[in-house]
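Okay, so here's the structure we're looking at.
Atoms within a ligand are numbered from 1 in the order they appear, just like the ligands themselves. Since the model is a prediction, treat every value here as computed from it, not as a measurement. For reference, positions follow the sequence shown, starting with 1.
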Amino acid sequence: MAASKSFLDSLKKPEPTSFKMTDFRRELHLRHKRDEHAKKERMKALQESKLISKYAITIDTSRARSNCDVLRMCVKELGFKEYPFGRKDNCCDVHWHACHFEDNPEVYGGKVNKFPGMGEICSKMTLFRCLDIMRDLFPTDYDFYPRTWYLPAQFHEFSCEIRKMHERRVKPKPTFIVKPDTGAQGDGIYLLREPNEYSSFNGKCHVAQEYMSNVYLIDKFKFDFRVYVLLKSLEPLEFYICQEGLARFSTLPYENPTNKNIHESFMHLTNYSLNKRSSTFNRSDRDDEGSKRTLTSVLRRIAMNGHDSNKVWKSIERIVCKTIVAIVPEMKVEYQAAVPPGKTGPSCFQVLGFDILLLHNLKPILLEINASPSLSLDSEQEVSPGVFEYVISPKDEEVKYPLIRDTLLHVVPIDKLKYFRKRKKRRLLKKLKASSSQKMKRPEPLVKQRTSIVIIKADESDEEKREVNVTQQMSEMHMDIDSSASHGESTARDANSDDERESNLKSDTELDEEVDNYFETKLRESCLKQLYPAIYDEECERYRILERVAGLFIYFLGIRGSLRIGPTGFRTFARKCRLNRKGMTNASVDIMYIDLQRRWDHMNPERTSGSGIKSIGKKGNGGSIVSNTGLCYQGFLDACIEIARRKFYAPSKIEMLENLVDHCELSLNLKDNDLANNLPRLHFRRLGLQYRQGSLYAMPRRIMEQMTEETTIEDLLKAHEKKLRQPSKEDIESFLRRSRRTIYQPSSTAAVLSAHRSPDSE
Ligand code: ADP
């Protein structure tokens, strides 16, 4: 009976699970799931943030790709916190990108190891154009790179030059090297002797350079240096050179180029990526042997051959300085586009690789800059015929590991680093004390002690483990400093009397000193040497004129985040900088703009849009829209040089440009406090005046009001000087006459002035 009742019930009231879900229920269900998920995520984020002390130095390696190995080793040794998959909030102290600044457009703070647009600035065309501009201004100082032609735009000039050389019967027969603009690792490079051998594939841009055939050889092989440079900051400019680098050798003995050997890439090109494929590639592990060697070993070899290797290194340092100074204006333009003033964004640093060739007379020649030099540590090794294996290359490790470690130490936040050191010091001291008191109680060989620490701490967090590592190092150091470092000695000492043992224990201050010394030696051992501003500040100052031109360009860009100046911006530049006073009409300004824009579009066909106004989403701007039409910075610079030549004549080009820039800055300073605040130091140094904030800029309103389009700067300066002078009787009279005042008491100037100050008080 009961069974039949329940059966009837089940018919009447179907099981809740068998209910068909209405849309409403489904919605509720989904919402519930979503909430659950969000809660889980929140908890995870909370846990993550709880685990990390606010003083932990955090490194995001999620986009480091091939740089990961060396980076991870350094992060581990330094005891920083690595985020191999990035952080949800993207808040890390350092974000390491393998290729570009734009690899992660969501970074709004911390530091990124790439400058925006650096890939393009280091492309062969842009780099050599920057250097050409400098060579034009400082011909004797910028003679450290081969003569360059930009193809296809300058094909005509290039073929004319070859023809002329043939006519002059230049010996040996001139050879040229053609390289794709954005190529790397020797791809697409070839040598030619006749212009018709040039082939432009798919309208791609190339540079053609004089082939430097008279090179310095070691063991009959051609080689070039890879010099690493850390560009720590752009504003203020600061960069370092790594004192160790690599020398890459070709794998066929070198001969001067002839029609026969011109295609032998293993003889003429020294790229590692190319030569490692050669059957004659020498993989010797010795420092001064093989197809890849350390830079210092080659310098030693040069010294052994009776040459001054220090002089060679100094010349390399100078090349680095001059090259960086040449690209800084372009970098500033790119930086303001990616991180416009007022927008939160990361600050940047970058490790650059300079390729430098040595001529027979030991003069270094710059071949190119690599914006992303290879930081991988492993190299292919043939373990058995035809079977290759990747193994860590000791030479790469010797160079790249200290480079990255010291780079990190330079760029992480200084306050965190200080705190980090202090905390580490505290803990190390504690551990050292504990270990020494333990030693007093129960003497044990130190080696055994270290092992026990590792085992005890093995289950703790990463940070703890790292501390143990450092403690181990410290114990090692402690042992080294202590004359009784060796195991044998310590066991021998165990047998000694208690008094002797106590005398070996160090006092607190001694331990403290040891720890200090440890950190100091770590800092002193840095492989990075500051070039600018420490050493070459004064020498480079005069090359920095173009940064002021870039400042003007940025000022008149108009649209935030853009890289090109439009016709209105250019006209405003001419008007605000009072170029009309120098005889430049609006029409001539417009003609100059159109002419230069056309010329530069023709020079950069790959980087310019087609006809008409077109906007492109620029990757480098996190998806923002940047106009690709207008005059680029180098075009603007061309315009400035042309205006300077026409209207600011002086014996040399650099003086003309300086006169123009002075004139523009002065015009803008008087009219506009914004720019004045940005450039006061430069402006006053040029004028030979002492800088006082607000003195010249705070021009009296009366004088400002009297300014017309006809007023010249000289007039204004005179007016300003007049204002600073004590007013004479005539001045006061004329002032009162002008302001139609009748009260005049010649005996008391002060009374007149007070009357002037409060005219309504009567
Ligand atoms: P990539 O970016 O493809 O490596 P590089 O400019 O570094 O191109 O040139 C590759 C190699 O060609 C260099 O390592 C060097 O050996 C050789 N090379 C390049 N330019 C010259 C030159 N002007 N004179 C002599 N050798 C050159």
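- Among protein heavy atoms, atom 14 (O) of ligand 1 sits closest to T270 OG1, 2.8 Å.
- Between L357 and ligand 1, not a single N/O pair is under 3.5 Å apart.
- Looking only at protein heavy atoms, the nearest one to atom 3 (O) of ligand 1 is G186 N, 2.7 Å.
- Under the side-chain contact (heavy atoms from CB on, under 4.5 Å) test applied with Y216, the options I302, L359, L357, V298 reduce to a single match, I302.
- Checked against the 6.0 Å centroid criterion, the rings of H206 and Y150 do not qualify as a close aromatic pair.
- Protein heavy atom nearest atom 21 (C) of ligand 1, with residue, atom name and distance: L367 CD2, 3.6 Å.
- By the criterion of a heavy-atom distance under 4.0 Å, neither the backbone nor the side chain of N370 is placed next to ligand 1.
- Ranking protein heavy atoms by distance to atom 26 (N) of ligand 1, first place goes to K222 NZ, 3.0 Å.
- Of the protein's non-hydrogen atoms, the one nearest atom 18 (N) of ligand 1 is I177 CD1, 3.7 Å.
- Residues Y272 and F281 place their aromatic rings such that the two centres sit under 6.0 Å apart.
- Under 4.0 angstrom from ligand 1, the non-hydrogen atoms of Q185 all belong to its backbone.
- Nearest heavy atoms, R277 versus F266: C-CZ, 4.3 Å.
- The K124 neighbourhood of ligand 1 comprises atoms 1 (P), 2 (O), 6 (O), 8 (O), with distances under 4.0 Å to a heavy atom of that residue.
- Residue, atom and distance of the protein heavy atom nearest to atom 12 (O) of ligand 1 are L269 CD2, 3.2 Å.
- Close approach of ligand 1 to G183 is summarised as follows: ligand atoms under 4.0 Å from at least one heavy atom of the residue are 2 (O).
- At a 3.5 angstrom cut-off on N or O pairs, N271 counts as close to ligand 1.
- When the options D219, D396, D288, D287 are evaluated for a salt bridge (Lys or Arg N to Asp or Glu O under 4.0 Å) with R293, the one that passes is D219.
- The distance criterion of under 3.5 Å between nitrogen or oxygen atoms is met by E210 with respect to ligand 1.
- Residue Q185 qualifies as open at atom CD: its count of foreign heavy atoms under 6.0 Å is 12 or below.
- Residue-level proximity to ligand 1 for Q209 is carried by the side chain, the only part with a heavy atom below 4.0 angstrom.
- When atom types are taken as modelled, the side chain of E397 and the backbone of L377 share no donor-acceptor pair closer than 3.5 angstrom.
- Residue-ligand proximity, I189 to ligand 1, at heavy-atom distances under 4.0 Å covers atoms 3 (O), 8 (O), 9 (O), 10 (C).
- Listed for the R129 side chain is no donor-acceptor partner under 3.5 Å among the backbone atoms of Q634.
- Taking any N or O of M212, backbone or side chain, at least one lies under 3.5 Å from an N or O belonging to ligand 1.
- Among protein heavy atoms, the minimum distance from atom 2 (O) of ligand 1 is reached at E368 OE2, 2.7 Å.
- Under the 30°/60° scheme for interplanar angles, the aromatic rings of W149 and F158 are found to be tilted.
- The atoms of ligand 1 that sit less than 4.0 Å from any heavy atom of P146 are 23 (N).
- Relative ring orientation between F249 and F223 is described as parallel, the plane-to-plane angle staying below 30° on a 0-90° scale split at 30° and 60°.
- A distance below 6.0 Å separates the ring centres of Y142 and Y543.
- Heavy-atom contacts of H268 reach the following atoms of ligand 1: 16 (O), 17 (C) (cutoff under 4.0 Å).
- Those atoms of ligand 1 with a heavy atom of D355 less than 4.0 angstrom away are 7 (O).
- Checking side-chain atoms of D103 against main-chain N and O of H100 turns up a donor-acceptor pair under 3.5 Å.
- Closest to atom 19 (C) of ligand 1, if we only count protein heavy atoms, is K179 NZ, 3.3 Å.
- In this structure, the side chain of Q336 does not engage the main chain of K332 through any donor-acceptor pair within 3.5 Å.
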